[in-house]
Peer 1: 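Got a structure for you, written out below as structure tokens; questions coming shortly.
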Amino acid sequence: MKTFFRLTENAVASLAEKFGTPLLVLSVEQIRQNYTFLLEHLPGVKIYYAVKANPDENIIKTLHSMGSCFDVASDGEMQALTSLGIETDSMVYANPVKTPAGLRVARELGVHKFTFDSESEVYKMAQAVPGGSVLLRVRVDNPQALVDLNKKFGAHPEDALPLLRLAREQGLQVAGLCFHVGSQSISAKAYLDALKLCRQIFDAAAAEGFDLRILDIGGGFPIPAIHENTDIVAMLDSIAAGLSQWFPATEIWAEPGRFICGTAVNLITRVIGIQQRNNQQWYFLDDGVYGTFSGVIFDHWDFELETFKSGMLIPATFAGPSCDSLDIIFKDKMTVPLELNDVILVPNCGAYTSASATVFNGFAKTPVVVWEEIQFQTVEMELATAG
Ligand SMILES: *Cc1c(COP(=O)(O)O)cnc(C)c1O
């Protein structure tokens with residue numbers, strides 16, 4: 001099984017001392033490994049990293065240097081990437097409902113690949129980005145995903161052909177189809193079902209003279225989570241087999257978000273308050289649901305807390321530092337008893353965490369340091385001392 005970036009107890013202690021807490025530690029090496037791993041197991045697939053999962057510029061630059069493309073969803077993401085020197089050719093504006101500002105910025109910058117799932121979007125694109133290259137997003141149902149995106153997006157398969165026709169009539173370049181099986185999808189089945197469905201639509205479209213060249217299989221690839229650890233190799237291998245069976249000659253794109261960044265970040269947080277209320281043990285941490293733990297709310301994620309302590313487990317409530325009653329991270333979370341100032345490591349903290357964090361109540365966003373850079377600094381410091 002793959003191993004992932006996980007700070008040791010010593011590293012956690014010295015980083016907490018040197019930088020303070022809360023602190024996010026990003027391993028760009030893990031980003032590289034995740035990207036390479038996906039390419040190895042989905043050979044020939046063009047990767048468009050879904051920027052919304054974590055827009056940290058160290059991640060973007062690392063992926064860019066490896067040849068990755070990017071899935072963007074807003075004017076802000078297109079502008080941020082452009083300012084980092086990313087070519088618009090390697091972006092797909094993959095939000096099926098684009099804002100006027102998003103379309104204007106796409107046109108100004110020259111982003112020319114889009115996804116859509118409705119008639120009204122065809123007219124919007126035909127007017128704002130005439131001749132744009134478009135992928136139709138089809139709806140695929142997958143109740144097994146942690147976050148089901150298909151309640152919000154995706155054209156019903158029966159509407160696919162009429163939408164493709166309309167896009168062609170409106171002068172858009174009809175390039176292919178896309179789907180998203182939902183985030184943290186734990187089996188290959190949803191992808192394989194989607195591939196079969198898309199094959200039918202490709203064939204029906206070909207009969208009407210469409211030359212669909214691209215299939216975008218979206219994101220959703222899982223990372224290890226508390227109650228599950230999917231056999232990712234078997235999963236990707238069976239998706240790859242499905243692709244070569246049904247789409248041997250088609251250009252395939254994928255839009256992984258979580259898989260690329262989720263395992264590359266560790267949070268170091270600290271116990272800043274302890275309370276007993278109604279026989280329940282409460283621990284207050286210096287990061288909360290308005291911050292890095294926003295994934296508890298927006299991403300339905302259950303985070304692992306590594307305390308580096310041993311002892312009898314007790315159920316406890318973990319709360320964040322803000323004064324809001326919503327700022328409760330976990331209830332009845334089993335933990336060893338903790339003390340004030342204890343540091344806690346939260347691994348696999350890179351996806352849908354800092355990206356959706358706020359500065360509510362005046363708490364700044366948790367700073368990010370790059371593990372490989374600070375390791376180097378530490379070595380330099382040691383050399384300087386030795387010299
Ligand atoms: C969020 C999103 C992704 C990334 O999904 P993950 O589950 O993080 O891989 C990819 N494509 C689109 C269109 C998305 O909205």
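Fair warning: this is a prediction, and the values are worked out from it, not measured in the lab. Indexing begins at 1, ligand by ligand and atom by atom, following the structure's order. Position 1 is the first residue of the sequence, and the numbers go up from there.
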Peer 1: Can you tell which part of D71 has a heavy atom less than 4.0 Å from ligand 1: side chain, backbone, both or neither?
Peer 2: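 It is the side chain that gets close, since no backbone atom is under 4.0 Å.
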
Peer 1: Suppose I only count heavy atoms of E255 and a 4.0 Å limit; which atoms of ligand 1 are within that range?
Peer 2: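 This gives 3 (C), 4 (C), 9 (O), 10 (C), 11 (N), 12 (C), 13 (C) as the contact atoms.
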
Peer 1: Can you find an N/O atom of R137 closer than 3.5 Å to an N/O atom of ligand 1?
Peer 2: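 Checking ligand 1 against R137, no N or O pair falls under 3.5 Å apart.
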
Peer 1: With the threshold set at 4.0 Å, does a side-chain nitrogen-carboxylate oxygen contact exist between D299 and R258?
Peer 2: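 Between R258 and D299 there is a salt bridge, with a charged N closer than 4.0 Å to a carboxylate O.
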
Peer 1: Suppose I only count heavy atoms of Y352 and a 4.0 Å limit; which atoms of ligand 1 are within that range?
Peer 2: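 By the 4.0 Å cutoff, the relevant atoms are 1 (C), 4 (C), 5 (O), 6 (P), 8 (O).
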
Peer 1: How about F363 and Y290: are their ring centres within less than 6.0 Å of each other?
Peer 2: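 They do not qualify: ring centres at least 6.0 Å apart.
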
Peer 1: Please find out if less than 6.0 Å separates the ring center of F247 from that of F202.
Peer 2: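 Yes, close enough.
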
Peer 1: Regarding R137 and the six-membered ring of F116, is the cationic atom NZ or CZ under 6.0 Å from the ring centre and inside 45° of its axis?
Peer 2: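 The answer is no, since R137 fails at least one limit relative to F116.
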
Peer 1: Checking contacts here: is it the side chain or the backbone of F259 that comes within 4.0 Å of ligand 1, counting heavy atoms only? Could be both or neither.
Peer 2: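 Contact part for F259 vs ligand 1: neither.
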
Peer 1: At a 4.0 Å threshold, what atoms of ligand 1 neighbour a non-hydrogen atom of A94?
Peer 2: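 With A94 as reference, the close atoms of ligand 1 come out as 13 (C).
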
Peer 1: Answer yes or no: does atom NZ of K189 have more than 12 heavy-atom neighbours from other residues, nucleotides or ligands under 6.0 Å?
Peer 2: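 Check fails, neighbour count at 12 or below.
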
Peer 1: With heavy atoms of R258 as the reference, note each atom of ligand 1 found under 4.0 Å away.
Peer 2: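 Here the atoms of ligand 1 in question are 6 (P), 8 (O), 9 (O).
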
Peer 1: Both conditions, 6.0 Å and 45 degrees, for the charged tip of R199 above the ring of W246: are they met here?
Peer 2: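 Ring-cation test returns no.
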
Peer 1: Can you list the atoms of ligand 1 that are under 4.0 Å from a heavy atom of A50?
Peer 2: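 Selected atoms, number and element: 3 (C), 4 (C), 10 (C).
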
Peer 1: At a non-hydrogen distance cut-off of under 4.0 Å, which region of H180 contacts ligand 1 (side chain, backbone, both, or neither)?
Peer 2: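 The side chain, only.
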
Peer 1: With heavy atoms of S183 as the reference, note each atom of ligand 1 found under 4.0 Å away.
Peer 2: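 Reading through ligand 1 atom by atom, the close ones are 6 (P), 7 (O), 8 (O).
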
Peer 1: State whether K309 and D342 are salt-bridged, where the test is any N-O pair (Lys NZ or Arg NE/NH1/NH2 against Asp/Glu carboxylate O) under 4.0 Å.
Peer 2: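 Looking at D342 together with K309, the answer is yes, because their closest N to O distance falls below 4.0 Å.
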
Peer 1: For ligand 1, does P256 get within less than 4.0 Å through its side chain, its backbone, both, or neither, judged by non-hydrogen atoms?
Peer 2: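 Backbone only.
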
Peer 1: Are the aromatic rings of F318 and Y283 close, with centres under 6.0 Å apart?
Peer 2: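 Centroid separation for F318 and Y283: below 6.0 Å.
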
Peer 1: If the threshold is 4.0 Å, N to carboxylate O, is there a salt bridge linking D89 and K113?
Peer 2: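 Judged by the 4.0 Å cut-off on N to carboxylate O distance, D89 and K113 do not form a salt bridge.
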
Peer 1: In ligand 1, which numbered atoms sit nearer than 4.0 Å to a non-hydrogen atom of G257?
Peer 2: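 Reading through ligand 1 atom by atom, the close ones are 4 (C), 6 (P), 8 (O), 9 (O).
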
Peer 1: Evaluate G220 for polar contact with ligand 1, using N/O atom pairs at a separation under 3.5 Å.
Peer 2: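 Yes; at least one N/O pair falls below 3.5 Å.
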
